[in-house]
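The structure appears right after this line, and notes come after that.
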Amino acid sequence: MTLRREAFLEHVKERGKYPTLQEAGRAARVVLALLGAHLVGQVRAQLAARLPEDFALILLNPLQSAEPLSPERFVRATAAWIEGATEQTAAWDVSAVLSTAADAAGDELLEEILLQLPAGYDLLFGRPQPT
């Protein structure tokens, strides 16, 4: 089931404690563009199908990445793409967006997503996996 744009942004806004939907949208665009560079095939398509259309298009047309980023480098990359962000604020941005995406994905798809990502992304999605 696809989330409506407003509902998706409200969740991101609430989790990231952003003052406006515009700021939540900016964080969502950056984080999903970076995430899209790490996901391939049906997993990326299935996640896109559960996101609002404009965010699905960002996920499907991602920024390019030469190699999968570790969770720490993913946060640093997010900080680099968001004007005025620090690593600490970028960690907050990543968590707000990815936890909302995890809710949209559901547990089964999230497991498939995590299989495509380096170890440690479970924490960025707010879904620690048992070791």
Side-chain angles (χ1 to χ4, degrees):
M1 180 174 165
T2 303
L3 273 178
R4 287 186 2 262
R5 183 179 198 284
E6 296 77 25
F8 182 82
L9 286 176
E10 279 294 336
H11 286 286
V12 172
K13 180 182 175 213
E14 180 181 309
R15 290 175 182 177
K17 301 196 184 319
Y18 300 105
T20 66
L21 288 178
Q22 182 180 7
E23 287 186 54
R26 178 187 65 180
R29 286 188 299 277
V30 169
V31 172
L32 291 173
L34 287 168
L35 179 63
H38 290 72
L39 300 178
V40 297
Q42 285 291 40
V43 170
R44 184 167 61 190
Q46 287 175 21
L47 178 58
R50 296 176 188 190
L51 297 175
E53 183 178 1
D54 51 339
F55 294 115
L57 292 173
I58 291 167
L59 186 75
L60 293 171
N61 297 294
L63 297 170
Q64 296 303 308
S65 179
E67 63 185 36
L69 299 175
S70 69
E72 296 80 15
R73 288 182 61 209
F74 188 92
V75 171
R76 284 197 299 271
T78 300
W81 280 95
I82 296 178
E83 184 179 334
T86 65
E87 283 189 42
Q88 291 77 21
T89 62
W92 194 265
D93 295 327
V94 168
S95 175
V97 174
L98 292 185
S99 66
T100 302
D103 288 347
D107 292 340
E108 200 171 297
L109 178 55
L110 182 59
E111 284 182 38
E112 293 180 48
I113 290 169
L114 291 173
L115 287 174
Q116 289 192 7
L117 299 170
Y121 272 80
D122 57 332
L123 299 176
L124 295 182
F125 279 94
R127 304 293 198 286
Q129 301 294 304
T131 54

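Residues: numbered from 1 along the sequence shown.
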(message) A side-chain contact here means heavy atoms from C-beta on lying under 4.5 Å apart; do Trp81 and Val31 qualify?
(response) no
(message) For Ala77 versus Leu69, what's the shortest heavy-atom pair and its separation?
(response) CB-CD1, 4.0 Å
(message) Any side-chain to backbone donor/acceptor pair from Arg44 onto Leu39? Under 3.5 Å, distance only.
(response) yes
(message) Is it the case that over 12 heavy atoms from other parts of the model lie below 6.0 angstrom from the CG atom of Asp107?
(response) no
(message) Give me the atom names and distance for the closest heavy-atom approach of Phe125 to Leu114.
(response) CD1-CD2, 3.9 Å
(request) Give a yes or no on this: more than 12 heavy atoms of other residues, nucleotides or ligands lie within 6.0 Å of atom CD of Gln42. (result) no
(request) Please report the closest heavy-atom contact between Leu47 and Ala101, naming both atoms and the distance. (result) CD1-O, 4.0 Å
(request) Quick one: pull up CG in Leu32 and CG in Asn61 and give me the separation to the nearest 0.5 Å. (result) 12.5 Å
(message) Tell me whether the rings of Phe74 and Tyr121 are parallel (<30°), tilted (30 to 60°) or perpendicular (>60°).
(response) perpendicular
(request) Decide if atom CD of Glu83 counts as having more than 12 heavy atoms of other residues, nucleotides or ligands within a radius under 6.0 Å. (result) no
(request) Evaluate the side-chain proximity of Leu117 to Leu35: yes if any heavy-atom separation is below 4.5 Å, no if none is. (result) yes
(message) Please report the interatomic distance CD(Glu87) to CD(Glu72), rounded to the nearest 0.5 Å.
(response) 9.5 Å
(request) Give the minimum heavy-atom separation between Leu110 and Ala102, together with the two atoms involved. (result) CD2-CB, 3.9 Å
(message) Can you pull out every salt bridge (Lys or Arg N to Asp or Glu O under 4.0 Å) where at least one residue sits in residues 11-35? Sequence neighbours excluded, please.
(response) Arg15-Asp103
(message) With rounding to the nearest 0.5 angstrom, report the CZ to CD distance, Arg50 to Gln46.
(response) 6.0 Å
(message) When you group the ILVMFWY residues by side-chain heavy-atom contacts below 4.5 Å and let the links chain together, are Val94 and Ile82 in the same group?
(response) yes
(request) Using ring pair (Phe, Tyr, Trp, His ring centres under 6.0 Å) as the criterion, list what pairs up with Phe55, not counting sequence neighbours. (result) Phe8
(request) Please report the shortest heavy-atom distance between Ala79 and Ala85, naming the atom on each side. (result) O-CB, 3.8 Å
(message) Is there a path of hydrophobic side-chain contacts, each under 4.5 Å between heavy atoms of I/L/V/M/F/W/Y residues, joining Leu21 to Leu51?
(response) yes
(request) Please round to the nearest 0.5 Å and tell me the distance separating atom CD of Glu10 and atom CZ of Arg5. (result) 11.0 Å
(request) Heavy atoms only: give me the nearest Ala105-Ile113 pair and the separation to one decimal. (result) CB-CD1, 4.2 Å
(request) Kindly say whether Ser95 contributes a backbone atom to a donor-acceptor pair with the side chain of Ser99 at under 3.5 angstrom? (result) yes
